[in-house]
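A short write-up of the structure that comes next.
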Amino acid sequence: MPEAHATFLGLSPALWQSLWLTLRLAAITTLVLGIVGLPLAHWLNSTRSKLAAALETVVALPVVLPPTVIGFYLLVAFSPQHGPGRWWQAVTGQSLAFSFTGLVIASVFYSLPFAVQPFQAALRAVPRDLLDAGATLGASPRRVFWRLHVPLAWRGIAAGLTLGFAHTLGEFGVVLMIGGAIPGVTKVASIALYDEVQALAYPQAHAFAATLLVLAFALLLVVTILQRRRT
């Protein structure tokens, strides 16, 4: 039902709460994507392992799979009847499904290709002779990667992180399957907007959708500017 008390920008406190939760989820997801995705992208670019093709395919799966499929299998894995969910409950005493932590893990997996693929493209674009020059001067492979490779590819890396953040903002199927709609815990912006429409609260839905639209446009504008500067 629409909120009766005063609102800011036409949004109820409950909608602002869902937006704040979404931004927190997107920020944590983006941080994890950077920590996990960047070394993974470098490894995929440089390895000759036969497992690389299979792993790269797994990373790309969220691009083509319906989000509800991913959400369903993650929900099964997070349940106390199966390995990851059983282990988490034994360690923390809490269920991984329908929790904010579960949302973060699901979001990282679902947004992984939107960060890793730009990372790979940016790292590949760095001239090989510059990296070879660093190695020739005695720098270790790790030092060459962090002190030379990453700084030279920073625009593409920033674009990947921004895409990962923006993609997390728009998640619906995965977060609905994993988190449900617990206010203040798992009820993110996309689900809150859906609930407003279901409640026929169209003025609130319009205001909230416009807020999300402006936010998404601003993020994609940043990506576009970064990509144009690379060319």
Side-chain angles (χ1 to χ4, degrees), residues 11-12 14-37 40-41 58-79 84-85 88 95-119 158-199 204-223:
L11 304 181
S12 67
L15 289 177
W16 281 113
Q17 183 187 51
S18 69
L19 182 57
W20 164 244
L21 183 68
T22 304
L23 293 174
R24 190 157 64 95
L25 174 65
I28 295 173
T29 299
T30 303
L31 177 63
V32 177
L33 286 173
I35 294 172
V36 174
L40 177 61
V58 171
V59 170
L61 268 179
V63 175
V64 296
L65 267 182
T68 47
V69 174
I70 298 171
F72 172 74
Y73 282 115
L74 288 175
L75 185 61
V76 171
F78 290 174
S79 71
W88 182 264
S95 172
L96 194 53
F98 306 106
S99 69
F100 185 76
T101 303
L103 278 190
V104 171
I105 296 172
S107 295
V108 168
F109 179 74
Y110 188 51
S111 297
L112 200 57
F114 298 90
V116 169
Q117 290 178 354
F119 291 168
L161 292 174
T162 308
L163 273 177
F165 186 93
H167 188 256
T168 305
L169 291 181
E171 288 180 25
F172 181 79
V174 170
V175 294
L176 183 62
M177 296 286 280
I178 295 297
I182 305 172
V185 180
T186 62
K187 189 173 182 177
V188 296
S190 57
I191 297 173
L193 176 59
Y194 178 77
D195 285 349
E196 292 297 322
V197 174
Q198 290 295 301
Q204 287 270 0
H206 274 303
F208 198 38
T211 302
L212 296 174
L213 177 63
V214 170
L215 185 58
F217 177 82
L219 289 170
L220 290 178
L221 182 62
V222 170
V223 173

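Atoms considered below: every heavy atom in the structure, side chains included; atoms not considered: hydrogens, waters and symmetry mates.
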Side-chain (Q204) to main-chain (S12) donor-acceptor, under 3.5 angstrom: yes
Do [X] and [Y] have side chains that approach each other closer than 4.5 Å (heavy atoms only, starting at C-beta)?
| X | Y | result |
| --- | --- | --- |
| V188 | F172 | no |
| L163 | L220 | yes |
| V36 | V108 | no |
| F109 | P62 | yes |
| F208 | L19 | yes |

Evaluation steps, side chain to side chain donor-acceptor pair (under 3.5 Å), between S111 and T168: CA-CA 7 Å; S111 297; T168 305; 3.2 Å; yes
Residues that S18 engages under side-chain hydrogen bond (donor to acceptor under 3.5 Å, both in side chains), provided they are two or more places apart: none
Please report the shortest heavy-atom distance between [X] and [Y], naming the atom on each side.
| X | Y | value |
| --- | --- | --- |
| A189 | L212 | CB-CD2, 3.9 Å |
| F119 | L33 | CE1-O, 3.8 Å |
| A60 | Q117 | CB-NE2, 3.7 Å |
| L193 | A205 | CD1-O, 3.5 Å |
| L169 | T22 | CD2-CG2, 3.6 Å |
| G71 | I178 | O-CD1, 3.6 Å |

Rounded to the nearest 0.5 Å, what separates atom [atom1] in [X] from atom [atom2] in [Y]?
| X | Y | atom1 | atom2 | value |
| --- | --- | --- | --- | --- |
| F78 | M177 | CZ | CE | 12.0 Å |
| L75 | L96 | CG | CG | 10.0 Å |
| L74 | I105 | CG | CD1 | 9.0 Å |
| T211 | L11 | OG1 | CG | 4.5 Å |
| F165 | F114 | CZ | CZ | 15.5 Å |
| L25 | L103 | CG | CG | 5.5 Å |

Test side chain to side chain contact (heavy atoms under 4.5 Å, CB included) applied to L23 and L215, step by step: CA-CA 11 Å; L23 293 174; L215 185 58; 3.9 Å; yes
E171 side chain to S190 side chain, donor-acceptor N/O pair below 3.5 angstrom: no
Over 12 foreign heavy atoms within 6.0 Å of CZ, F72: no
